[in-house]
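Structure first, then comments.
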Number of protein chains: 2
Amino acid sequence: MSLPHAILTALVEKPSSGLELTRRFDRSIGYFWSATHQQIYRELGKLEAEGLIRALPGRQPARGQKKSYEVLPAGRAELSRWTATPQDPKPLRDTMLLRLRAAAVVGTAGVEADLRRHLELHERQLAEYEEIERRDFPPGRDSAEDRLRHLVLRAGIDLETFWTQWLAHALAEFAELPGDEPA
Amino acid sequence: MSLPHAILTALVEKPSSGLELTRRFDRSIGYFWSATHQQIYRELGKLEAEGLIRALPGRQPARGQKKSYEVLPAGRAELSRWTATPQDPKPLRDTMLLRLRAAAVVGTAGVEADLRRHLELHERQLAEYEEIERRDFPPGRDSAEDRLRHLVLRAGIDLETFWTQWLAHALAEFAELPGDEPA
DNA sequence: CCCCATTGTGCAACTAGTTGCACAATGGGG
DNA sequence: CCCCATTGTGCAACTAGTTGCACAATGGGG
């Protein structure tokens, strides 16, 4: 539903091949939209068939050859249209929260270690985002584009901050909990 | 992947019919796991077929008749097993963030109104969660079960708090932005 | 020089979630 | 008393995302 628009955005920012897109999704784009290389290749095919993007002229190779894409005017128009279309926030689905709720009725065995592991993962992610912020958004640069992109990165940073704090809080609660309640 | 476990958790807490479950998913369970009635009915069928839950004895009616389910020992065991199994946090996919990133390259037309609308939605949600907190978790009650459930609700509250603050911040940035940049 | 690990592209089958209906039972208003 | 809005249950088709491979090109090490 939005993967094509994520790809269009990335390609407007910079024409890329499937692999380059995959790398970019693993890094900067990944903090608000994740995708696997299979999804990306499939979607590139569709977008090309629909006339929203096209392969950059040059060699037109078979498999195993880089093929770069750029956005056509129709693609840019579609991206514009989509961006301006209201959309509802999608409801939450979070396994860790569900597991804690389940732990309340079937016991907390095994959950604590995973809370700790998640805390580490989120701390690492947070550090990475803060590194990106330092590198890409030094004080002073404030074109409209920079501001918007910085805003998006801030959301990533604030979300990871929330998780690290919440997980730390959860672990503190666990420490105070009586032993594993039976059921 | 986790809907069956969400349903098991709900049914351990209190045996229910499909419709009652739907209502509970729309309220308290919904703040960490959302599901439609269609998903729920389908999953109830599967769980019954697998012997994890069973219809409460009583009238065994056809369509249009309430049928309540309770969790069987095998279901409780499965829920326990699942809760203790490590799982990776799932990567983020958020359309509003993507739209802002897209707006950076194709212009901000139309986004601001929707930011405002989202802010209102999240403020309403936040107020609702805080109401639940006041009602269900008055100071003093602190059985292990209460603490765990409160922890989960706190996550919901903190997440909504994050969104309201971030959206307010985004709107403030928009106010300072030069007019709509062309492309 | 050729083999095999690495890089890059892609298909197919599956799982999870959504959308759009269909239809049975119930019960209050005309 | 019967009609029709409401409540409750469910199927089917579709869309989005995941998993598991397959296979081509490339290039450095033996």
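In what follows, every heavy atom counts, from backbone to side chain, and hydrogens, waters and symmetry copies are set aside.
Here dT7(D) is the nucleotide among dT7(D), dT19(C), dG17(D) with the atom lying nearest to any side-chain atom of L19(B). Side-chain proximity of T36(B) to the nucleotides dG17(D), dG17(C), dT18(C) is greatest for dT18(C). Of all nucleotides listed (dT9(D), dT18(C), dT19(D)), dT18(C) comes nearest to the side chain of R42(B). In the set dG10(C), dG17(C), dT9(D), the nucleotide with an atom closest to the side chain of L3(B) is dG17(C). Distances from the side chain of Y41(B) to the nucleotides dT7(D), dT19(C), dG10(D) place dG10(D) closest. If you check dT18(C), dT9(C), dC21(C) against the side chain of Q38(B), the one that comes closest is dC21(C).
Ion pairing of E20(A) with R23(A) is absent here, as no side-chain N (NZ or NE/NH1/NH2) approaches a carboxylate O to less than 4.0 Å. Between E173(B) and R154(A) there is no salt bridge, since none of the side-chain N atoms of the basic residue sits less than 4.0 Å from a carboxylate O of the acidic one. Ion pairing between R149(B) and E145(B) holds under the 4.0 Å rule for side-chain N and carboxylate O. The residues D114(B) and R99(B) are annotated as salt-bridged, a charged nitrogen and a carboxylate oxygen being separated by less than 4.0 angstrom.
Phosphate proximity of dT18(C) to Q39(B): present, with a side-chain N or O under 4.0 Å from OP1 or OP2.
Applying the Watson-Crick and G-U wobble criteria (two distances, each under 3.5 Å), dG29(C) pairs with dC2(D). Taking a pair to require two hydrogen-bonding distances under 3.5 Å in either a Watson-Crick or a G-U wobble arrangement, dA24(C) pairs with dT7(D). Pair assignment for dA16(D) gives dT15(C), based on Watson-Crick or G-U wobble hydrogen-bonding distances that are each under 3.5 Å.
At the heavy-atom level, R93(B) lies under 4.0 Å from the strands shown only through sugar-phosphate atoms.
In this structure, the CD1 atom of I7(B) is 13 Å from the P atom of dA16(C), given to the nearest Å. At whole-Å resolution of the value, NZ in K90(B) and P in dT18(D) are 10 Å apart.
Side-chain to base pairing of H37(A) with dG10(C): one donor and one acceptor N or O lie within less than 3.5 Å of each other.
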